[in-house]
Asks: 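I am attaching a structure below and will ask some questions about it afterwards.
Only heavy atoms go into these numbers, but all of them, side chains included; no hydrogens, no water, no symmetry mates. Below, read A as the first sequence line, B as the second, and so on, with proteins coming before strands; counting in each chain starts at 1.
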Amino acid sequence: MNLKSNISIIIKTALDKCDISADVVINESTKAEFGDYQYNGIMPLAKVFKQNPREIAKRVVSQIEIGTIISKVEVAGPGFINIFLNRDWLSENANIALKDDRLSISKTDNPLKILIDYSGPNMAKEMHVGHLRSTIIGDSLANLSKFLGHNVIRQNHVGDWGTQFGMLIAYLEDISQDSADNLKNLEQFYKDAKKRFDEDEDFADKAREYVVKIQSGDEHCLKLWKQFIDISLHHCEDVYKKLGVSLTRDDVKAESFYNSELDNTIKFLEDKSLIDISDGAKCIFFEDSDTPMIIQKKDGGYLYATTDLAAIRYRVETLKADKILYVVDARQSFHFKQLFEIASKVNFSDNVVLEHIAFGTMMDKSGRPFKTRDGGTVKLVNLLDESISKAKDSINKRENYSDTDIEKIAEVVGIGAVKYADLSINRESNYIFDWDKMLSFDGNTALYLQYGYVRISSILKKYDGDINSCNISISDDLEQKLVLTLLKFEDTLDRVYIQSKPHILTLYLYDLTTLFMRFYEQNPILRDDIVEDIQKSRLAIASLSAKTIKQGLEILGIEVVDRL
RNA sequence: GCACUCAUAGCUCAGCUGGAUAGAGCAUCGCCCUUCUAAGGCGAGGGUCUUAGGUUCGAAUCCUAAUGGGUGUACCA
């Protein structure tokens with residue numbers, strides 16, 4: 001149910017009848033007295049028509065079809081057109097949504113192959129809180145695109161190549177004990193290796209030698225490297241599993257995957273005569289900037305940019321992506337600007353949309369970047385475990401559930417809290433990492449939504465009639481507002497999709513749940529004195545609320561439970 | 001130096017792309033459980049939307065400048 005487009009069409013028709021051509025943008029009204037929606041497009045026309053905007057508005061209003069969808073329109077203020085929706089029409093559409101598995105959310109007419117590049121951890125280190133954003137923003141965008149009917153390719157561009165791996169595998173070989181055991185703490189392993197590298201000249205030489213050896217395909221070193229990557233990937237997978245993120249090993253296309261294509265990529269660019277040599281390095285220059293993108297170092301080595309270019313080719317030519325989203329830290333904006341510019345110069349990406357879904361940096365409480373200072377890095381696993389254990393504590397204070405139930409609920413609540421805290425912030429802004437806030441269960445948090453869902457579940461469980469026979473028939477203003485909000489779900493998802501901003505969805509779900517909570521307090525359902533028709537209608541409203549909350553959270557990658 | 005980005009309540013953030021009296025959560029202070037889960041609801045206080053100009057019927061939102069954070073800026077990823 002796309003409310004806005006339904007209304008836009010009616011307004012557009014009225015404008016046509018008045019011989020006015022204008023883009024129709026419908027806004028939600030800020031206050032109940034201004035109706036459900038408003039059209040503000042008349043005022044700018046006053047000058048063009050040399051007429052009082054109120055007069056124009058009156059003319060348009062007289063042409064607006066009143067009936068099934070719109071119950072009333074009025075001109076207000078300098079020329080606002082306030083639109084009131086028909087209560088029965090809302091009820092009817094809510095009923096249709098209630099009976100539909102997809103809640104009346106249509107699948108796109110134009111399915112695209114959307115490739116989403118996200119998470120991208122470095123294999124040399126354990127995932128820390130800084131990896132959270134890319135991972136869950138990317139995952140929720142992937143979930144959403146899929147839900148809207150697109151073909152989604154998830155790509156985990158893990159960092160498994162580079163000079164540091166020489167050091168790591170040399171150290172792995174050196175300690176030559178049970179490697180899996182020693183790699184349990186990747187962070188420590190890296191530190192130990194680094195220490196050895198800095199202190200032991202022979203070891204450092206060996207490390208450097210091993211870098212070359214992996215790159216030239218030395219069997220022994222490659223075996224060590226593969227072993228290392230495998231263990232490191234397992235670490236990531238543990239985190240993904242805990243986080244409820246759907247990335248699997250099939251989604252991994254690591255940097256090393258593109259190694260064999262790097263030469264070709266350079267040749268390809270040379271053929272297009274884009275490459276200049278500057279200070280011995282192969283560069284691509286841009287008209288509006290002094291800073292080139294370096295494609296190949298003077299020593300012949302390849303760079304991040306080279307891999308990315310090779311990756312675009314692969315994604316466009318082999319995977320046939322229509323749209324590629326890079327969910328990567330905003331600090332790399334310049335890199336992506338250059339990358340996309342090159343892509344368009346060489347037509348890698350004719351008709352392919354390339355977008356950098358940038359997100360802000362995580363700051364500490366004093367407003368400085370949350371640096372991975374030595375020994376001070378917050379591991380992602382630790383954050384998640386902490387949250388789960390905090391959830392467990394508060395459950396224990398309230399309820400006597402079995403251990404297995406507590407485990408399950410604590411996980412859903414704990415993980416939900418962390419994900420929601422991150423997803424509910426506009427990704428473009430920097431954000432302050434605060435343990436208390438991250439692990440908070442008060443106010444605008446995942447728990448609030450989960451709790452709303454639980455309240456509904458509890459009612460539906462207690463009701464002994466047939467819920468499927470219940471129909472929505474709005475009986476007061478609060479119910480109307482709630483139902484209207486429920487029907488805005490599709491508009492909301494569209495906005496989230498267009499802007500790639502999950503926080504729009506969290507905001508919507510929070511608003512929705514707030515309305516439901518009020519409804520819950522004011523409009524009792526199972527009480528004896530409630531007449532059957534109203535009871536059934538309220539049950540249906542509650543049921544649709546639960547379904548919408550659940551579906552919304554599912555897109556965000558957050559689970560619900562039946563009780564808390 | 002240049003470029004990008006941000007600045008909204010004590011704190012953390014929204015503000016649907018220029019609309020009517022700027023909204024939430026936390027924190028503070030009241031009220032509401034013999035009534036569907038109080039991890040909840042209702043209410044109060046709290047604002048010169050960093051500053052100064054400009055654009056127009058109308059600006060937190062757009063343009064310019066200043067100030068202050070953050071980031072990027074040639075062989076790391």
Asks: Work out how far the C1' atom of B/A22 is from that of B/A9, and round it to whole angstrom.
Replies: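 B/A22 and B/A9 have their C1' atoms separated by 11 Å.
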
Asks: Flag yes if more than 12 heavy atoms outside A/N400 fall under 6.0 Å of its CG atom; otherwise flag no.
Replies: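 Check fails, neighbour count at 12 or below.
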
Asks: Evaluate the criterion ring-ring contact (aromatic ring centres under 6.0 Å, His included) for residue pair A/H335 and A/Y304; output intermediate values, then yes/no.
Replies: CA-CA 10 Å; A/H335 168 77; A/Y304 181 45; 4.5 Å; yes

Asks: Starting the side chain at C-beta, find the nucleotide from B/U17, B/G69, B/A20 nearest to A/A76.
Replies: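 That would be B/A20.
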
Asks: So if I define the base as every atom that isn't primed, P, OP1 or OP2, how would nucleotides 4-12 of chain B read as a B/S/- string at a heavy-atom cutoff under 4.0 Å?
Replies: --------S

Asks: Can A/D442 and A/Y448 be counted as having a side-chain donor-acceptor contact under 3.5 angstrom?
Replies: no

Asks: Indicate whether the side chain of A/Q38 and that of A/N40 have a donor and an acceptor atom separated by less than 3.5 Å.
Replies: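 Present: a donor and an acceptor within the cut-off.
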
Asks: Give one of base, sugar-phosphate or nothing for A/I295, where a contact means two heavy atoms less than 4.0 Å apart.
Replies: nothing

Asks: Would you list the protein and nucleotides 74-77 of chain B atom pairs, both N or O, that sit under 3.5 Å from each other?
Replies:
from: B/A74; atom 1: N1; to: A/S278; atom 2: OG; distance (Å): 2.8
from: B/C75; atom 1: O2; to: A/K298; atom 2: N; distance (Å): 3.0
from: B/C75; atom 1: N4; to: A/D279; atom 2: O; distance (Å): 2.9
from: B/C76; atom 1: OP2; to: A/K297; atom 2: NZ; distance (Å): 3.0
from: B/A77; atom 1: OP2; to: A/Y304; atom 2: N; distance (Å): 3.4
from: B/A77; atom 1: O3'; to: A/E255; atom 2: OE1; distance (Å): 2.9
from: B/A77; atom 1: O3'; to: A/E255; atom 2: OE2; distance (Å): 2.5

Asks: Checking side-chain polar atoms at under 3.5 Å, does A/E261 have a donor or acceptor matched by the opposite partner on A/T265?
Replies: no

Asks: Write down the distance separating the C1' atoms in B/U61 and B/C49, rounded off to the nearest Å.
Replies: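 Per the computed distance, 10 Å lies between those C1' atoms.
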
Asks: Let me know the distance between CD1 of A/I549 and C1' of B/G40, rounded to the nearest Å.
Replies: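 So the two atoms are 14 Å apart, to the nearest Å.
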
Asks: A quick test of your reading: do over 12 heavy atoms of other residues, nucleotides or ligands sit less than 6.0 Å from NZ of A/K550?
Replies: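 At most 12 heavy atoms, drawn from other residues, nucleotides or ligands, come within 6.0 Å of this atom.
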
Asks: A/P121 and A/C236: which non-hydrogen atoms are nearest, and at how many Å?
Replies: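 Reported closest heavy-atom pair: CG-SG, 3.6 Å.
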
Asks: Should B/C33 be called syn or anti, with syn set as within 90° of 0?
Replies: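 Syn, since the glycosidic angle lies within 90° of 0.
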
Asks: Just to confirm, is there a sub-4.0 Å distance from OP1 or OP2 of B/A20 to any side-chain nitrogen or oxygen of A/N82?
Replies: no

Asks: Could you give the distance separating B/G46 and B/C2 at their P atoms, to the nearest angstrom?
Replies: 44 Å

Asks: Do any N or O atoms of the protein come closer than 3.5 Å to N or O atoms of nucleotides 31-37 of chain B, and which pairs are they?
Replies:
from: B/C36; atom 1: O3'; to: A/K462; atom 2: NZ; distance (Å): 2.8
from: B/C36; atom 1: O2; to: A/I525; atom 2: N; distance (Å): 3.4
from: B/C36; atom 1: O2; to: A/L526; atom 2: N; distance (Å): 2.9
from: B/C36; atom 1: N3; to: A/I525; atom 2: N; distance (Å): 3.1
from: B/C36; atom 1: N4; to: A/Y520; atom 2: O; distance (Å): 2.1
from: B/U37; atom 1: OP1; to: A/S458; atom 2: OG; distance (Å): 2.5
from: B/U37; atom 1: OP2; to: A/S458; atom 2: OG; distance (Å): 3.2
from: B/U37; atom 1: OP2; to: A/K462; atom 2: NZ; distance (Å): 2.5
from: B/U37; atom 1: O2'; to: A/Y451; atom 2: OH; distance (Å): 2.3
from: B/U37; atom 1: O2'; to: A/R455; atom 2: NE; distance (Å): 3.4
from: B/U37; atom 1: N3; to: A/L564; atom 2: O; distance (Å): 3.2
from: B/U37; atom 1: O4; to: A/L564; atom 2: N; distance (Å): 3.0

Asks: Cation-pi between A/K194 and A/F197: NZ/CZ under 6.0 Å from ring centre and within 45° of the ring axis?
Replies: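 Checked: cation-pi criterion not met.
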
Asks: Paired with B/U34: which nucleotide, if any, by Watson-Crick or G-U wobble criteria at under 3.5 Å for both distances?
Replies: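 Matched B/U34 with nothing under the 3.5 Å cut-off.
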
Asks: Give the intermediate values and the outcome of ring-ring contact (aromatic ring centres under 6.0 Å, His included) for residues A/F359 and A/Y431.
Replies: CA-CA 9 Å; A/F359 54 83; A/Y431 101 57; 9.4 Å; no

Asks: Could A/K536 and A/E532 be called an ion pair, given the rule that one side-chain N must be under 4.0 Å from one carboxylate O?
Replies: yes

Asks: Could you state the OH-C1' distance from A/Y39 to B/C16, rounded to the nearest angstrom?
Replies: 17 Å

Asks: For A/D442 and A/Q38, find the nucleotide of RNA chain B closest to each by heavy atoms; which residue's nucleotide sits nearer the 5' end?
Replies: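 Result of the comparison: A/Q38.
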
Asks: With the stacking rule set at 5.5 Å and 30°, tell me whether A/Y510 counts as stacking on B/A24.
Replies: no

Asks: Look through every strand shown and name the nucleotide pairing with B/A9 as Watson-Crick or G-U wobble, where both distances are under 3.5 Å.
Replies: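 Across all strands, not a single nucleotide pairs with B/A9.
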
Asks: Cation-pi check, A/R563 to A/Y401: give yes when NZ or CZ is under 6.0 Å from the six-membered ring centre and within 45° of the ring axis, no otherwise.
Replies: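 So A/R563 does make the cation-pi contact.
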
Asks: Base, sugar-phosphate alone, or nothing: which one does A/A46 contact when heavy atoms must sit under 4.0 Å apart?
Replies: nothing

Asks: Mind calculating the distance between CD (A/Q499) and C1' (B/U61) to the nearest angstrom?
Replies: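 Answer to the nearest Å: 14 Å.
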
Asks: Syn or anti for B/U17, with syn set at within 90° of 0?
Replies: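 Syn, angle within 90° of zero.
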
Asks: Now, which nucleotide makes the Watson-Crick or G-U wobble pair with B/U64, with each of the two distances under 3.5 Å?
Replies: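 Check on B/U64: paired to B/A52, both distances under 3.5 Å.
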
Asks: If we take the C1' atom in both B/A39 and B/A77, what is their distance in whole Å?
Replies: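 My reading of the C1' atoms in B/A39 and B/A77 gives 43 Å.
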
Asks: If we take the P atom in both B/U28 and B/C11, what is their distance in whole Å?
Replies: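 Pairwise P distance, B/U28 against B/C11, rounds to 16 Å.
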
Asks: For A/Q215, check side chain to side chain donor-acceptor pair (under 3.5 Å) against everything at least two apart and list the hits.
Replies: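 Applying side chain to side chain donor-acceptor pair (under 3.5 Å) to A/Q215 gives none.
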
Asks: Distance check, P atoms only: B/C13 and B/G53, in whole angstrom units.
Replies: 30 Å

Asks: When the C1' atoms of B/G70 and B/A52 are considered, how many whole Å apart are they?
Replies: 24 Å

Asks: Expressed in whole Å, how much space separates the P atoms belonging to B/C16 and B/A60?
Replies: 12 Å

Asks: In Watson-Crick or G-U wobble terms, both distances under 3.5 Å, what is the partner of B/G43?
Replies: B/C29

Asks: Checking contacts here: which listed nucleotide (B/G23, B/G25, B/G72) is nearest the side-chain heavy atoms of A/F334?
Replies: B/G72

Asks: Is the closest basic N to carboxylate O distance between A/E490 and A/K4 below 4.0 Å?
Replies: no

Asks: Kindly point out which of B/A20, B/A14, B/G70 is positioned nearest to the side chain of A/M363?
Replies: B/G70

Asks: Quick one: which protein N/O atoms are closer than 3.5 Å to N/O atoms of nucleotides 54-58 of chain B? Pair and distance per line, please.
Replies:
from: B/C57; atom 1: OP1; to: A/K47; atom 2: NZ; distance (Å): 2.9
from: B/C57; atom 1: OP2; to: A/K47; atom 2: NZ; distance (Å): 3.1

Asks: Just checking, any donor-acceptor pair under 3.5 angstrom between side chains of A/S119 and A/T135?
Replies: yes

Asks: With sequence neighbours left out, write down each residue that passes side chain to side chain donor-acceptor pair (under 3.5 Å) with A/D476, or none if nothing qualifies.
Replies: A/N523

Asks: Could you tell me the Watson-Crick or G-U partner of B/G1, where both distances fall under 3.5 Å? Say none if there is no partner.
Replies: B/U73

Asks: When both hydrogen-bonding distances must be under 3.5 Å and the geometry is Watson-Crick or G-U wobble, what is B/C16 paired with, if anything?
Replies: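 Matched B/C16 with nothing under the 3.5 Å cut-off.
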
Asks: Mind checking if A/M293 touches a base, just sugar-phosphate, or nothing, with heavy atoms under 4.0 Å?
Replies: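 Nothing, no heavy atom under 4.0 Å.
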
Asks: Would you kindly give the CG-to-C1' distance between A/N444 and B/A14, to the nearest whole Å?
Replies: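 Distance, rounded to whole Å: 9 Å.
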
Asks: Any Lys/Arg nitrogen of A/E521 or A/R455 sitting under 4.0 Å from an Asp/Glu carboxylate oxygen of the other?
Replies: yes

